[in-house]
Each structure stands twice: as structure tokens, then as C-alpha cells.
Amino acid sequence: MNLFDDIRSTVLDALDAMGRDGALPPGLDVSAVTVEPPRDAAHGDMATNAAMVLAKPAGKKPREIAEALAIRLSDDPRIDTAEVAGPGFLNLRLAPAVWQGLVVQILSEGAEYGRSALGKGKRVNIEFVSANPTGPMHVGHTRGAVFGDALANVLSLAGYEVTREYYINDGGAQVDVLARSVYLRYLEAHGHDVAFADGTYPGDYLIDVGQALRDLVGDAYVDQPEDVWLAPVREFATDAMLTLIRADLAALGVRMDSFFSEKSLYGTGRIEAALDALRSKGLLYEGVLEPPKGKLPDDWEEREQTLFRSTAHGDDLDRPVMKSDGSWTYFAPDIAYHYDKITRGFDLLIDVLGADHGGYVKRMKAAVAALSDGRVPLEVKLMQLVKLTRGGEPVKMSKRAGTFVTLRDVVDQVGPDVTRFVMLTRKNDAPLDFDFDKVLEQSKENPVFYVQYAHARVCSVLRKAADMGVDVADAALAGQDLAAICHPAELSVIRKLAEWPRTVEIAAQTGEPHRIAFYLYDLASDLHALWNRGNDQTELRFLQEDDVSRTAAKIALPRAVAVVISAGLAILGVTPMEEMR
RNA sequence: GCACCCGUAGCUCAGCUGGAUAGAGCGCUGCCCUCCGAAGGCAGAGGCCAGGGGUUCGAAUCCCUUCGGGUGCGCCA
């Protein structure tokens, strides 16, 4: 249950009644009517724009409608005051009992408080990470992994049935390069001197793989031509890399529901089937592309190729699906993969990609629109770069020098909780600064710590209360009279708690989990502020000296805050700390 | 040349998908621990929301345009 939705339906009922008795024309479209927290808390608890939205279609002045609406709403026992303000806003103030009831609700529902029916009955597939299986995951993948996982969590709480999926790019030339590189390490394991030419992966992480291969097959592939060993070594190597990647993901706390192999699309007719589906819609043809305007590629020559008419669905150019040597471009298996997702019956597809894939979005959307006849939307979330620094100095990365920073480097140094939280404090399409020193700092400048500290503080107070003899179980706290929680400073914290369900919905609708992180920071801030007011005003302290029942009531609020912080951190995939010492 | 993303306080960034006087952290100035965790809090200063048009009751938010930055642009994924 969402308090804002609740009051909104009360407002809609009132408008409906006004339509019946002639105060408004009947049958007005009320879809644009909102009930939201006002920007300035001094305006009240909630504000509705109903009068302004309806003024024109009703042919009445906004304030006139607002005043009539105010009179009706004042009859509701939950609404203390309804005041017309500004250009026609109606500001509502709710009875303290409503807010106290919300605390009870939070304590009763626990982590379920905030669950929404927004995505009820809808299945969504989120494809993320999808790093090539050619090596360990690096920082760039880390951000995508954390984002995708948190997005999955948000959508799940918002009622969607979520599948987390990893697309294994094991069908292209890069896995042959991997196989050749492993083969070199294999020879090395047999005591040969090897040289890593350009176009091979020299990383140390393949040494173990080469040795494991030697242990498995002995010298069977030594001095053998490539066509003998390439396929089996490729298989062996990609398996090893996938094991590595799964372990990396596990270190971050990310678990996939599904791994989908690109290779499984080749030689099985699945790519052909997907392209046939396009052909049957008249969207595949043989043609010649115009050279790009501006700077012409050096080796440009006109050539006829098989093209997908993506321009029919909003792309700027038609896109080739077949190379001149007759093999598929990367786009062809991607079409087949998305076709597969569509046929699996998802209602929504989300791809989490690096920002360098931005040019690919329109064609993929076009393909999905064509293949699903516009039924299944594809949303693409582009991840901007992570700028790694240490003490303000950029961390230099070079693949050749072997100094590129891996996911493991980050997680080992700062831990999964900090890694995840920090990576979610920025919008996906904004670059992210990640400073190894700053993220471990324990001050309010560091949002991870600040939020964790708020949670730990509440746990500390609860421990103290328990020492006083208070039953601090949620059910016990929820079962009592909370009339003692009535100070404006307390009610304003509850108001923040009331925003949690709509924050979840907004984050889910926009696909922006960072909103959760910012909400938690604000909530933590409200708690810290209330805590400190207890220094001067003893009636605001959570622990009321020598008064067990009053303490039990007071403690319910910070506990409710902790419940929401904990639920929010769960979305981000961060463990709430019970103490920070 | 074209497409996509971005431009908000000195710095790093939010801004509830069109609402009221645009917010937070850092930094700067001044305060608050005989008192539940000061790893915190309070107060002050700081803005042409890149510029210009438009849409309407109302624009940082939507549309057009200019400028500035990033990413990409047929046989790499």
C-alpha cells in the first residue's frame, strides 16, 4: 500500500462525487491528477494539482475547483486540513494518527513495505555484463554488473518477474584468439619457449589454463596443426574463462538466472530462422550502402550485401547482416538472440551495454520491433565509463603493460558492499569517479558509510532499549500505542518513510536504481538530524530515561527507518551493518 | 557530415518523468558533546539551470536552434 496512491484515490472519489452533484462536469479525464510530496514541507504533507489540471476542461477557475474539493476532503478523518495555495494547488495535512499508522505498517510488513504491483504479471529479461569470455572482468564490466543486478532487484520489488541473463559471446573470432593464446601457454607448460604475437592475449591468467590443458591431454596437441586442436582448445578455454567470470560475479554478489551461448545459434538454423522472419516481412534485401558522409574509410569500396531494412523501424541506415565472405556479421546472431528472447515470451527486454555501443541501439530496437510486431519494447541502458583514481591521481591502465584493473582488484581492496554502493551513486549515463581512497573514508562525504552508520546507530539504540527491558521485536513495537510519536520533527521523518514505495516505483519505471541510493542518503540524513535534536530536546530522545513504555513507543520510529534502509540496501545488494566499531 | 548521451553553486552531483522561493555533499564562515554512537548535527554565504526562440495556467524538465564536451558511424563485438 502506498499512502500517496491512497490519498490520490480519495481525491479522485471526491472529484467523482463533484461530477455527480454538478460541481464539475461529469466524466472528466483525471489521469493527469497527481498527489505528491510538495517541494517545500511548509506547504503541507501532500499536494494535489487536481484543480489546475481540470480547470480548462471544466471551464472553471482553478481556485474555485480547489476550494470545493477542499471542503469535501476535509470530511475525511485522515485529512486534518486542506488549503488552497499558489496558482491552485491544494495542500493537504494528514492527521498524526495516519503517520503513526504508517510506522505500524512498516514494522508489520518489514522488507515487503515498498513492494508494488506495478509490474504484476509482466516478465522482463535483463541482459547485462555479457563480457567476452576471454579473460577476467574489469572495472567497466563491474559497473554494468552492479547496475544490472540492482535494476533487477528494483523491478522485482516493483512486481515484475525478472530473468537475469548473460549473453556469452563465444561465437566470434575473439574466442579463436583466446584458443591460440591458451595453446601458447600449453606449449609453455611443456617447456617450450613461446612468443606472444600481436593478436594474442599475453595475460598471466592463462598460465593456469595452459597447465590445466596439459594435465588433461598431455602432449597430444604439441607439434600438431591448428585444425587439430583449435576447436577443442577453444571449448576448453571458454569453459575456463566462464568459470573465472562466474567467480568474479559471485565475488560481487551477482547471480545470473541464465547464460545464453552465442555459439548455440550457429549451425543450428536459428540465425537463419530469425532472418527468415525478417525476410517474410519484406525487411531483408540485397543492396549497396551509401558510403558514410564526412571522412571516408580508407578501404571503402561499394559492394552489394544482405541488408536489414532497419530504417523501416526508425534507424538511420539499413544494416548489413552478412560479410563479403559469406559469414554473418555480429548483428545477425544478435538478431537471432533477441528473437529467441521474444519467443520465450518476455513482455519487456532490457539490454545493459557500454556507452561505446550507443550506435547499435537503433538497429537493435528496430530488429526487436520488427520481430515482435511492436509488441515487445526493448530498453537499452548505456553505461558510462568509470574513472579510477587513488588519492585524486588517475590510476593508469594499460592492457599491454598488464596493469588494467580487474573487478577482483576492486572488490579485494574495498569489498563488495562499498563497490556496489558507490557504483550506484551515479546515473548510468553519467561518468563515474571511483577513488580507492575516498570510498573507504568514514565520513559523511562517503554515502556508503553515512547510510551504514545510520543503520548501525539504530541497532545500537535498540540494543540499549533491550537492556532497559523493552521488547524490541517488530511485532511488539507495532502492537502498541504510538501516540507518543507526534512531534513535527518525528512526523517529518515518517513523511520521508512514506515516500519509499513511490521511490521504488519511480526507480523501476525509469530504470534508474541510483534513485534508491539517493533516497537512502536523504533518509539517513533525516535520522541523523532527529537524533541530534535529542541532544537539546529530551522529549525527542529515543531512549526515555526510566520510562519503558514511552521508550518502546519512541523506538518504533528509528526501527522503521532501519527497516527501510535495510530494504533499500537489499536492492542495491549491500549488507546493512549492525555496528561500525 | 550524421546519430546518440551530456551541459545545474568554486568542485562533484541530485532534481520525484511539466509544478510553488532550484537542492545535497565537498570547500569557505560561525556554532552544538556533564546528554541515546560528534564516524554526527545546526546556521550563513554561494545560481542568467550553457545561449536564444517556442509549447501553456506553469519549463532545469517537453519541441526547435546555436555553442561546448563525450561516444559511435559497412567485412570488430
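Protein chains get the first letters and strands the later ones, always in sequence-line order, with residue 1 at the start of each. Model, not experiment: these values are computed from the prediction.
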Exercise. Can you find a side chain N or O atom of A/Lys387 that sits less than 4.0 Å from OP1 or OP2 on B/G70?
Worked result: no
Exercise. Can you tell me how far C1' in B/U65 sits from the matching atom in B/G27, rounded to whole Å?
Worked result: 37 Å
For this session: Output yes when at least one side-chain N/O atom of A/Arg39 is less than 4.0 Å from OP1 or OP2 of B/A20, else no.
Result: yes
Exercise. If we take the C1' atom in both B/G51 and B/C13, what is their distance in whole Å?
Worked result: 23 Å
For this session: State whether A/Arg515 places a side-chain N or O below 4.0 Å from either non-bridging phosphate oxygen (OP1 or OP2) of B/G15.
Result: yes
For this session: Answer yes or no for A/Arg319 and A/Phe308: cation-pi contact, defined as NZ/CZ to six-membered ring centre under 6.0 Å and angle to ring axis within 45°.
Result: no
For this session: Rounded to whole angstrom, note down the P distance from B/A59 over to B/C49.
Result: 12 Å
Exercise. Relative to A/Tyr285, does A/Arg309 satisfy both conditions: NZ or CZ under 6.0 angstrom from the six-membered ring centre, and within 45 degrees of the ring's axis?
Worked result: yes
For this session: Would you indicate what A/Gln384 reaches in the nucleic acid, counting non-hydrogen atoms under 4.0 angstrom: base, sugar-phosphate, or nothing?
Result: nothing
Exercise. Does OP1 or OP2 of B/G15 have a side-chain N or O of A/His514 closer than 4.0 Å?
Worked result: yes
For this session: Any strand is fair game: report the nucleotide pairing with B/G47 by Watson-Crick or G-U wobble, both distances under 3.5 Å, or none.
Result: none
Seminar exercise, completed: A/Pro38 has its side chain closest, among B/C13, B/C75, B/A20, to B/A20
Problem set entry | Nearest-angstrom distance, P atom, B/C28 to B/G19 | 35 Å
Problem set entry | Separation between the C1' atoms of B/U66 and B/G41, rounded to whole Å | 47 Å
Exercise. Among B/G41, B/G19, B/U71, which is the nearest nucleotide to the side chain of A/Phe89?
Worked result: B/G19
For this session: Hey, which sits more toward the 5' end of RNA chain B by its nearest nucleotide, A/Leu530 or A/Tyr521?
Result: A/Tyr521
Seminar exercise, completed: Of the candidates B/A77, B/U12, B/G40, the side chain of A/Asp433 sits closest to B/U12
Problem set entry | Phosphate contact (B/C57 OP1 or OP2) by A/Lys56 side-chain N/O below 4.0 Å | yes
Exercise. Distance-only, no hydrogens or angles: does the A/Gln452 side chain make a donor-acceptor pair with backbone N or O of A/Met577 under 3.5 Å?
Worked result: yes
For this session: Can you tell me, in whole Å, how much space there is between the P of B/C42 and that of B/C26?
Result: 11 Å
Exercise. Nearest of B/A14, B/U17, B/C75 to any side-chain atom of A/Arg502?
Worked result: B/U17
Exercise. In terms of side-chain heavy atoms, does A/Asn49 have a donor or acceptor partner in A/Thr34 at a distance below 3.5 Å?
Worked result: yes
Exercise. Closest nucleotide of RNA chain B for A/Gln174 versus for A/Ala355: which of these residues is on the 5' side?
Worked result: A/Ala355
For this session: Before accepting this row, confirm whether a basic side-chain N of the pair A/Arg390/A/Asp435 lies closer than 4.0 Å to the acidic partner's carboxylate O.
Result: no
Problem set entry | Nearest-Å distance once atom P is located in both B/G47 and B/G10 | 7 Å
